[in-house]
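Each remark here refers to the structure printed beneath this line.
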2 protein chains.
Amino acid sequence: MKPRGLSLYETIRAEIEGRILSGALKPGEKIPSELELMAHYGCARMTVSKALSALNTAGLLERRKRAGSFVARPRAVSMVLDVPDLGLEIAARGQSYAYRRIAQSIMARADDAHAAQQMGDVGSVLTIEGVHYADGQAIAHEARYVNLAAVPDIASQDFTDTAPGSWLIKHIPWTEAETRITAAAAPRAAAQALGVARGAPCLVIERRTWRGNDSVTFVRQMFLAGTYELIARFGSARAG
Amino acid sequence: MKPRGLSLYETIRAEIEGRILSGALKPGEKIPSELELMAHYGCARMTVSKALSALNTAGLLERRKRAGSFVARPRAVSMVLDVPDLGLEIAARGQSYAYRRIAQSIMARADDAHAAQQMGDVGSVLTIEGVHYADGQAIAHEARYVNLAAVPDIASQDFTDTAPGSWLIKHIPWTEAETRITAAAAPRAAAQALGVARGAPCLVIERRTWRGNDSVTFVRQMFLAGTYELIARFGSARAG
DNA sequence: CAGTGGTCTAGACCACTGA
DNA sequence: CAGTGGTCTAGACCACTGA
């Protein structure tokens, strides 16, 4: 059962994880103490501790002093949503990717009420509107707003055929981000840019990132229905 | 600078994390080796290793033998998507919640091709179709499929005005789940159930949960655009 | 009070890999 | 080849908390 190439603590972790996931160890059940496990595996306590700490971090165990380690009861469900760079993701599914800018300007406030509210009162805002293409088909309209005070370097960048998101993710560290996912009928501007009828169903992804208290950027991407999906996962096996 | 109550390795971790997030340490930059850090903090190498391993797991560092540890270049960002019980969430925003079943049956396979494919070849499937209401307005159509072999107890439950999801989340432990989020035009059946025109924009949430290798349930919820949103977050308030 | 987990030490051997 | 990270040992002291 021990897969080769696994270190001892990984082996211990995998064995206990397997017993939890298979249901052999049930939620709330106590697992052996570190002392018992070191006797069982014939190793130092640090090695057992490393395995159990990893399971604790992963949410599979709850550990209480004096009481012991217990199989965690499934809690509030939170899943992991991977948000890769759009260009890389489209390339990864075997399609060609392109971005084309429609408009770019600098203004005192975002010209979109929701964006302006999300970004707060910043000095000046770089606004970039563009379209993402997969295999030559327009799949998403993007309106991005960047706080120039937080990202002065962006003024010298050329976003004619490179999406500002790719540049931002590589160059600007942010500490917090919030993504809002909804559906909507395509409004006039987006429908026109995408070459579809007004009212076409779209997946709307709005993301605000900030750094400390400063807004960095706000972006709204409208994907034509059927061209894009978000996947969130929970669990160990299917990760990645 | 050292916050009280933090262990030494947490302090080391927090200091390096802070320098990365603030931008003092830039992506690709090399950080001191474990040997240099143990000299700087006057501690054992294991303590430094624990701090750097945690940052590595968190995706903030990349570690290469012989080369050293480097600030990771941000790639795929992973955010946390909370998936609360729909009824509780609607109540939390001050609206009344209701669920009404439309149809229920047991069949050998899911009558929906995508659902059948997602669930795999299970013996028999409980199919429940219903509508979720907020303040008396229909907001979502739900089609749920449950693997009866994995959840035999569900046969005795009454889902006339209680959504099966609420029962499942309380009673059935699952080990893995995957949520797919897309947008679509409402198909005929859903549009009819929701009392809107066919083709109305919808947010589509499909979730498959399983336990080990056994499918537990597959559900497709179609929310009318504007009635529901998903929020994913990343940031300092992440640990929860 | 005593068992448990949390952390830390001061070493060790090794695999890897870039200079 | 030599520096680095990966892992492991055999101890230690402590805080916590349930019996």
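It should be emphasised that the depicted structure is a prediction, and the values quoted were computed from it without experimental measurement. Just so it is clear, the values below take in all heavy atoms, side chains as well, and ignore hydrogens, waters and symmetry mates. In what follows, chains are A, B, ... by sequence order, proteins preceding strands, each numbered from 1.
- Here B/Lys65 does not reach the OP1 or OP2 of D/dG3: none of its side-chain N or O atoms lies under 4.0 Å away.
- Side-chain nitrogen and oxygen atoms of A/Arg63 include at least one within less than 4.0 Å of the OP1 or OP2 phosphate oxygen of C/dG6.
- Without hydrogens or angle criteria, B/Glu10 side chain to B/Ser7 main chain gives a donor-acceptor distance under 3.5 Å.
- The phosphate of D/dG5 has neither OP1 nor OP2 within less than 4.0 Å of any side-chain N or O from B/Ser53.
- Across every strand in view, D/dA10 sits in a pair with C/dT9 that passes the Watson-Crick or G-U test at under 3.5 angstrom.
- Cation-pi geometry between A/Arg207 and A/Phe218 is not met at under 6.0 angstrom from the ring centre and within 45 degrees of the axis.
- Between D/dT7 and B/Ser49, no contact under 4.0 Å exists linking OP1 or OP2 to a side-chain N or O.
- Look at CG on B/Leu52: it is 12 Å from C1' on D/dG6, rounded to the nearest Å.
- In the displayed structure, B/Lys26 atom NZ is contacted under 6.0 Å by at most 12 heavy atoms of other residues, nucleotides or ligands.
- Note on A/Ser69: every side-chain N or O is 4.0 Å or more away from OP1 and OP2 of C/dT4.
- Taking CD of A/Glu176 as the reference point, atom CZ of A/Arg208 lies at 8.5 Å (rounded to 0.5 Å).
- Atom CE of A/Met46 is separated from atom P of C/dT7 by 10 Å (rounded to the nearest Å).
- One atom, CG of B/Leu6, and another, C1' of C/dC8, lie 16 Å apart when rounded to the nearest Å.
- Heavy-atom distances to DNA chain D give each of A/Arg64 and A/Cys43 a nearest nucleotide, and the one nearer the 5′ end belongs to A/Cys43.
- With D/dT7, D/dC8, C/dT7 as the choices, the nucleotide that has an atom nearest any side-chain atom of A/Glu10 turns out to be D/dT7.
- For D/dA15, the base has no donor-acceptor partner in the side chain of A/Arg66 [N/O atoms by modelled type, under 3.5 angstrom].
- At whole-Å resolution of the value, CG in B/Leu37 and P in C/dT9 are 13 Å apart.
- The separation between A/Lys50 atom NZ and D/dG6 atom P is 8 Å, rounded to whole Å.
- Taking atom CD of B/Glu34 as the reference point, atom P of C/dC13 lies 18 Å away to the nearest angstrom.
- Place A/Ala44 and B/Lys30 on DNA chain D by their nearest nucleotides, and B/Lys30 ends up nearer the 5' end.
- Between A/Phe223 and A/Tyr228, the ring planes lie parallel to each other; the angle is under 30°, not in the 30° to 60° tilted range.
- One cannot find a donor-acceptor pair under 3.5 Å joining the base of C/dA10 and the side-chain atoms of B/Arg45.
- Partner assigned to D/dT17 is C/dA2, using Watson-Crick or G-U wobble distances below 3.5 angstrom.
- Distance A/Tyr41 OH to D/dT7 P: 17 Å, rounded to the nearest Å.
- Put simply, CG on A/Leu8 is 21 Å from P on C/dA12, counting in whole angstrom units.
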